[in-house]
K.L.:
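Before anything else, here's the structure in question.
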Amino acid sequence: MTSPATVVLLVEGDIIARHPLAEYLRECGFTVLEAATGDEAMLALKTPELGIELMLADMTTPGSGFPLRQWIRAEKLAVEVVLAGSIRKTIEGAGKICNEGPGLAKPYDHRLVLDYIRQAMARRDRGKP
Amino acid sequence: MKSLREPEAAPQAAPARILVVEDDPLIRFAIAETLRDLGASVVEAATADEAWQYLTGGEPVDVIFTDYRMPGSMTGAELAVRVRRQFPALEVVVTSGGFEPCEWTEPIKKKPYSLAKTANDLMQLALATKQKG
């Protein structure tokens, strides 16, 4: 019998970073919910049916970081919290979570995700008027 | 259920790429996960601005499914009009809880929508877009 995949809440305000990170964690075997703000994360965490067990949050995202962690503690939610202070740290966090996750192996090196995101950000910045 | 999950295209074909734009995360999770269960590669955007950033980043998608009312600098309808102008090959479906006069002149999908039916329709649209090349 296979247990349902662990549900991870990814809090990251930049879609260019959030999407590849979420896909990486999905490749690792997790069910991933994506929140673009701290408010979205709180709404998801207040919905027990979603079964969130772990939150990986970029601290620079509005409403994220320490206040969000404090709120989770105050609400006594049984959610493991991983906070990261930069995109690089968030990706490293994802790599660690992946290593301990339900999948048998990492789908690819998490540093590739960083390269990919940096390239996509450069393309976006060039696209700006 | 199996027949529902099997699209017309060969199983090894590239997955349908669908960009879901919705500012209610619970609705977004629901439709995104339903589409993933059908085999789609789904990108989630919380606002029209995010969706535009993603597209400007140069990542291709086949279909955009966007809510009408959203916070930020543009509505889903404005996004749809912009996409039509700049990415004419993309299919765009706009959804809304009410009928509002706006710049989008094509039919608007009424909210609330059936998850299963909507996901199937979007998959069909994405595969048709792919076949057009």
Side-chain angles (χ1 to χ4, degrees), chain A residues 4-5 7-27 29-52 55 57-58 61-64 68 113 116-129, chain B residues 14-67 69-74 76 78-79 82-83 85-87 90 115:
Chain A
V7 180
V8 175
L9 176 65
L10 174 65
V11 189
E12 167 58 64
D14 186 344
I15 189 171
I16 302 289
R18 187 177 67 243
H19 178 65
L21 267 165
E23 291 292 295
Y24 173 75
L25 289 167
R26 284 186 188 107
E27 294 274 346
F30 293 98
T31 296
V32 183
L33 305 176
E34 302 177 39
T37 62
D39 284 349
E40 283 201 351
M42 278 163 77
L43 193 61
L45 290 161
K46 276 192 268 192
T47 310
E49 296 78 20
L50 294 175
I52 296 163
M55 179 182 83
D58 163 57
T61 296
S64 178
L68 184 57
V113 185
Y116 177 88
I117 291 172
R118 284 195 171 138
Q119 283 165 22
M121 283 179 166
R123 278 201 303 276
R124 170 180 62 188
D125 294 344
R126 277 200 302 275
K128 272 181 186 161
Chain B
R17 296 161 303 184
I18 301 175
L19 173 58
V20 173
V21 194
E22 167 64 65
D23 66 314
D24 182 328
L26 301 185
I27 297 175
R28 195 175 66 233
F29 298 160
I31 186 69
E33 287 297 298
T34 308
L35 285 164
R36 284 188 188 106
D37 286 346
L38 293 175
S41 167
V42 183
V43 182
E44 299 180 39
T47 59
D49 291 316
E50 270 205 341
W52 187 250
Q53 277 196 37
Y54 186 81
L55 294 168
T56 317
E59 292 296 332
V61 298
D62 302 310
V63 172
I64 298 177
F65 181 53
T66 180
D67 187 25
R69 222 172 314 182
M70 263 174 300
S73 77
M74 58 176 141
E78 284 162 352
L79 171 71
R82 264 201 193 192
V83 166
R85 214 179 296 140
Q86 205 151 332
F87 306 96
L90 290 191
L115 282 178

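Remember, predicted model here, so these are calculated numbers, not experimental data. Residue numbering restarts at 1 for every chain, and letters A, B, ... go by the order of the sequence lines.
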K.L.:
Given that the side chain runs from C-beta out, which part of A:Leu33 has a heavy atom under 4.5 Å from chain B: side chain, backbone, both or neither?
P.N.:
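When you check distances to chain B, atoms from both the backbone and side chain of A:Leu33 fall under 4.5 Å.
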
K.L.:
Is the shortest heavy-atom distance from the side chain of B:Leu26 to the side chain of A:Leu50 under 4.5 Å?
P.N.:
yes

K.L.:
So how far is it from B:Asp23 CG to A:Asp39 CG, rounded to the nearest 0.5 Å?
P.N.:
11.5 Å

K.L.:
I need the B:Asp24 CG to A:Glu40 CD distance, nearest 0.5 Å.
P.N.:
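With rounding to 0.5 Å, CG (B:Asp24) is 8.5 Å from CD (A:Glu40).
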
K.L.:
To the nearest 0.5 angstrom, please state how far the CD atom of B:Glu44 sits from the CG atom of A:Leu10.
P.N.:
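Going from the CD atom of B:Glu44 to the CG atom of A:Leu10 covers 10.0 Å.
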
K.L.:
Where on B:Phe29 is there a heavy atom nearer than 4.5 Å to chain A: the side chain, the backbone, both, or neither?
P.N.:
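The side chain, not the backbone.
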
K.L.:
How close do A:Ala36 and B:Glu50 get, heavy atom to heavy atom, and via which atoms?
P.N.:
CB-OE2, 3.8 Å

K.L.:
Enter the distance from B:Ser41:OG to A:Arg26:CZ here, rounded to the nearest 0.5 Å.
P.N.:
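These two atoms lie 9.0 Å from each other.
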
K.L.:
I'd like to know if the side chain of A:Arg18 and the backbone of B:Ala45 have a donor-acceptor N/O pair within less than 3.5 Å.
P.N.:
no

K.L.:
Do the side chains of A:Thr31 and B:Glu33 get nearer than 4.5 Å, heavy atoms only?
P.N.:
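Side chain of B:Glu33 against side chain of A:Thr31, heavy atoms only: contact under 4.5 Å found.
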
K.L.:
Would you say the side-chain atoms of A:Arg124 pair up with the backbone N or O of B:Gly57, donor to acceptor, closer than 3.5 Å?
P.N.:
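No, the answer is negative, given that no donor and acceptor are paired below the 3.5 Å cut-off.
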
K.L.:
For B:Val42 and A:Glu23, which heavy atoms make the closest approach, and how far apart are they?
P.N.:
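Between these two residues, the closest heavy atoms are O-OE2, 3.9 Å.
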
K.L.:
Between A:Glu34 and B:Arg36, does any NZ, NE, NH1 or NH2 come within less than 4.0 Å of an OD or OE carboxylate oxygen?
P.N.:
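Here B:Arg36 pairs with A:Glu34 in a salt bridge, since their nearest N and O are under 4.0 Å apart.
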
K.L.:
So which heavy atom on B:Tyr54 is nearest to which on A:Ile16, and how close?
P.N.:
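In this case the closest contact between B:Tyr54 and A:Ile16 is CA-CD1, 4.1 Å.
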
